[in-house]
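In what follows, a structure is listed as structure tokens, so that the remarks can point back to it.
Chain naming here is simple, since letters A, B, ... match the order of the sequence lines and numbering starts at 1 in each.
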Amino acid sequence: MNIEQLLKSSTVQAFQALFAAEVPETSVTINLTKKEFEGDYTVVTFPLVKLSKRSPEETGRLIGDALKEKLNFISKFNVVKGFLNISFTDQFWIERLQEINTNAFTAFPKNGKKVLLEYCSPNTNKPLHIGHVRNMLLGYSTTEILKATGYDVTTVSIYNDRGIAICKSMAAYIERGNGATPQSTGIKGDHLIGDYYVLFGQIVNEQLRAKYNVSAEQDIFKTIGKEKEVAEQETEIFAKAKDLLLKWEAGDTDTIALWKKMNGWVYEGYQVTYDMMGVKFDKDYYESQTYKLGKDIIDEGLTKGVFYKRADGAVAIDLTPDGLDEKILLRSDGTSIYMTQDLGTAQVRYDEYHMDRMIYVVANEQDYHFKVLKLCLQKLGKQWADGIHHLSYSMVESPTGRFKSREGKTADADDMIAEVLRIAEEKTKELGKTDGFTEEEAQHLYRTIGLAALKYFILKVNPYQKIIFNPEESIDFHGNTGPFVQSSYVRTRSILRKHGNDSLPLDTATPLHNSERELMLLIYEYPGTVKYAADNYNPAEMANYVYNLAKVYNKFYNELPILTAETEREKNLRILLSKVTGDTIRKGMKLLGIEVPERM
RNA sequence: UGAUGUAUAGCUCAAUCGGAAGAGCGCCGGUCUACGAAGCCGGGAAUGCAGGUUCGAGUCCUGCUACGUCAACCA
């Protein structure tokens, strides 16, 4: 039963009977009653007074009387200005508790819609950084939320595994690598390749200093008066990287072998991080295999007259009518650019999956890019392009602004994870919570808690909001945090362990306390919250929800005795409330990709 | 210059078609011989500025200010 919908339609009917006037359902708003007033749900009567021609108070009273007459589970109501606060009977809520305690309550039926969701998609010349962490968390959680609401979701990642960037790492490796491997150095594969990418930059600097006779104290690029991107092209090491790129494109055996070897190390390294984060992809795409895609779409666009060939030979589309600019889609020499590939890849994916929606989890730097992508496909008359959605998110920044690579370790994903696990271990030991744990169990617990802290910290913020992360101040474990929610869950488990497995007959005539009602109302909101989070592609909705639930449970827990309740029926009710609270927290956290422990 | 996003308490964040502005951190004060104190209870503090629409605006409209991002035949 959808209570809010029922109240809404009942209000419309009552209004018609009372005032012989029709109000649209859209003008009736139902909210949860605010805490400082008595009631469960509130009907806002301000919009109705025009037609009722009575004061807000009188309108509220009349509707309240009519509703109470019609719906036998309304126990009472009060009117404050234009707010009609309605209370339901205790029996009604206890029946809802029974309803909640069934699997059907949180299960959405399959809706037959297919979703393709792309996320993570790193460049293979560097380890994952904090931005990828946010991306992975959003991508994973959104996938879980969509699945929970009935979608059939396929996740994909695309690796930017070719191009000048990886060739730079290769060039530096050839120059100074001495055959180093992850095994010989003990360095994680993606970090090893990242180190050579950094080394490439250092070699560029060395060579420029030597060439222009710039001392170590002076800033090279200021001294020689050239942009870094321009100056580096003058160096021998850059020439070698460029040469590797050409050889790669020509299919040179040795070059391809080295490229495969080094990328292989990177994937091994990424896999370790993925396993730690708990993410996985149904399908991997590689730019080396897709970068030539898109030419067909260009031809199609030219034939249809949607694209045009400029005098210089480049293919473009004029998006000025849509408030954008002229956008080049193919270089004048006929080679692809990023957009060409993305157009082609989108078509290939549609041909393969025939998905109803295609979601790209990509940072908001690329808002413009995805607007163009979607528009191009729509203008080509592809219906499925309407289902393209760019799940855009803001950057994670340090207190001084954007994380720069030279700030080094602070922005590295693996370091960040290691740090939060270390803190989890430290705090857990401080509290003496692992007595009786084996070493293996303890380690698993630290990981569960640490990852919860990290994941929740990032997911609780709306995607469009930037996150300020101060590496100097460690992620908190108190208050609005993942460990807080976990610890509330652990309490519910503790209660159930002590109680045992006895059945819990409910007496629907048990009088309810406020904190019990508050808890039931919130649990009852769970399916609506999941739906809302799915519709808005927003895991933060779920994070806020589980936090609220944990908070309300703690209040209930502190106010009322559970196992030592005065009467048997109160005890049974409260134990069942503890159980469904725990179940709901666990389900909600799962949608965030966060595990809950039995003890902590 | 244009497009786009953001601006809420000292700090970090919430606020479901416009409907009664909420948390956490920090600070102060209570609360464990224990149904688990990573908790609970109490205290003070906020919608960038100026207009407009509305019974009602943090939310919608106009203008302004500040910060971010984008506007490559880069990715």
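Gln465(A) has no side-chain polar atom (N or O) that falls below the 4.0 Å cut-off from OP1 or OP2 of rG5(B). In this model, the phosphate group of rC35(B) is not approached by any side-chain N or O of His499(A) to a distance below 4.0 Å at OP1 or OP2. Between Arg331(A) and rC74(B), a side-chain N or O to OP1/OP2 separation shorter than 4.0 Å is present. At rA37(B), one or more side-chain N or O atoms of Arg491(A) fall inside 4.0 Å of OP1 or OP2 (strictly under the cut-off). For the pair Lys551(A) and rG24(B), the criterion of a side-chain N or O lying under 4.0 Å from OP1 or OP2 is met. OP1 or OP2 of rG22(B) lies within a sub-4.0 Å distance of a side-chain N or O belonging to Lys34(A). Checking the phosphate oxygens (OP1, OP2) of rA38(B), a side-chain nitrogen or oxygen of Lys433(A) falls inside 4.0 Å. An OP1 or OP2 oxygen of rU16(B) is reached within less than 4.0 angstrom by no side-chain nitrogen or oxygen of Asn544(A). The phosphate of rG36(B) has OP1 or OP2 within less than 4.0 Å of a side-chain N or O from Ser494(A). Regarding contacts with the backbone of rA14(B), a side-chain N or O of Asn462(A) is found under 4.0 angstrom from either OP1 or OP2. Distances shown here put a side-chain N or O of Lys498(A) below 4.0 Å from the OP1 or OP2 atom of rG36(B).
Taking only distance into account, the side chain of Asn31(A) never meets the base of rA15(B) through a donor-acceptor pair shorter than 3.5 Å. Side chain Thr26(A) to base rC17(B): no donor-acceptor pair is found below 3.5 Å.
Ring pair Tyr360(A)/Phe370(A) is tilted by interplanar angle, where 30° to 60° counts as tilted.
Pairing for rA50(B) goes to rU62(B), judged as Watson-Crick or G-U wobble with the two contacts each under 3.5 Å. Across all strands shown, rC13(B) is found opposite rG22(B) as a Watson-Crick or G-U wobble partner, with both distances under 3.5 Å.
Residue-to-nucleotide proximity on RNA chain B shows that, of Lys50(A) and Asn480(A), the 5′-proximal contact is made by Asn480(A). When each of Asp476(A) and Ala314(A) is assigned the nucleotide of RNA chain B bearing its nearest heavy atom, the one mapping closer to the 5' terminus is Asp476(A).
Taking atom P on both nucleotides, rA75(B) is separated from rA14(B) by 34 Å, rounded to a whole Å. Comparing the same atom, P, in rG63(B) and in rG22(B) gives a spacing of 32 Å after rounding to whole Å. Nucleotides rU8(B) and rC13(B) are separated by 9 Å at their P atoms, to the nearest Å. Atom name P, nucleotides rC70(B) and rU16(B): the rounded distance is 29 Å, in whole Å. rC67(B) and rC49(B): their C1' atoms are spaced 15 Å apart (whole Å). Rounded to whole Å, the P atom of rA46(B) lies 13 Å from the corresponding atom of rC11(B). Taking the C1' atoms as reference points, rC27(B) lies 11 Å from rA45(B), given to the whole Å. When the C1' atom is used for both rA21(B) and rA9(B), the distance is 11 Å, rounded to whole Å.
Under the stacking criterion of a centre-to-centre distance below 5.5 angstrom and an interplanar angle below 30°, Phe83(A) sits stacked against the six-membered ring of rA20(B). The ring of Phe46(A) does not lie on top of the base of rG56(B); it is either too far (5.5 Å or more) or too tilted (30° or more).
Two residues are said to be in side-chain contact when any heavy atoms from C-beta on lie closer than 4.5 Å; Tyr286(A) and Asn263(A) fail this criterion. Residues Asn538(A) and Asn462(A) are in side-chain contact: their nearest non-hydrogen atoms beyond the backbone lie under 4.5 Å apart.
A straight line from CD of Gln5(A) to C1' of rC17(B) spans 14 Å, rounded to a whole angstrom. In this structure, Glu365(A) atom CD and rC70(B) atom C1' are separated by 9 Å, rounded to whole Å. Atom C1' of nucleotide rG39(B) and atom CG of Leu431(A) are separated by 11 Å, given to the nearest angstrom. Summarising the geometry, the separation between NZ on Lys427(A) and P on rG36(B) is reported as 23 Å, rounded to the nearest angstrom.
In terms of the salt bridge (charged side-chain N to carboxylate O under 4.0 Å, His left out) criterion, residue partners of Lys429(A) (sequence neighbours excluded) are, by chain and number, Glu425(A).
Seen from the ring of Tyr393(A), Arg134(A) does not count as a face-on cation partner, given the 6.0 Å and 45° thresholds. For the pair Arg491(A) and Tyr553(A), the cation does not sit on the ring face, since its NZ or CZ is not both under 6.0 Å from the ring centre and inside 45° of the axis.
Annotated as anti: rC11(B), whose O4'-C1'-N torsion sits more than 90° from 0.
Annotation: salt bridge (charged side-chain N to carboxylate O under 4.0 Å, His left out) contacts involving residues 532-541 of chain A, sequence neighbours excluded, comprise Lys531(A)-Asp535(A).
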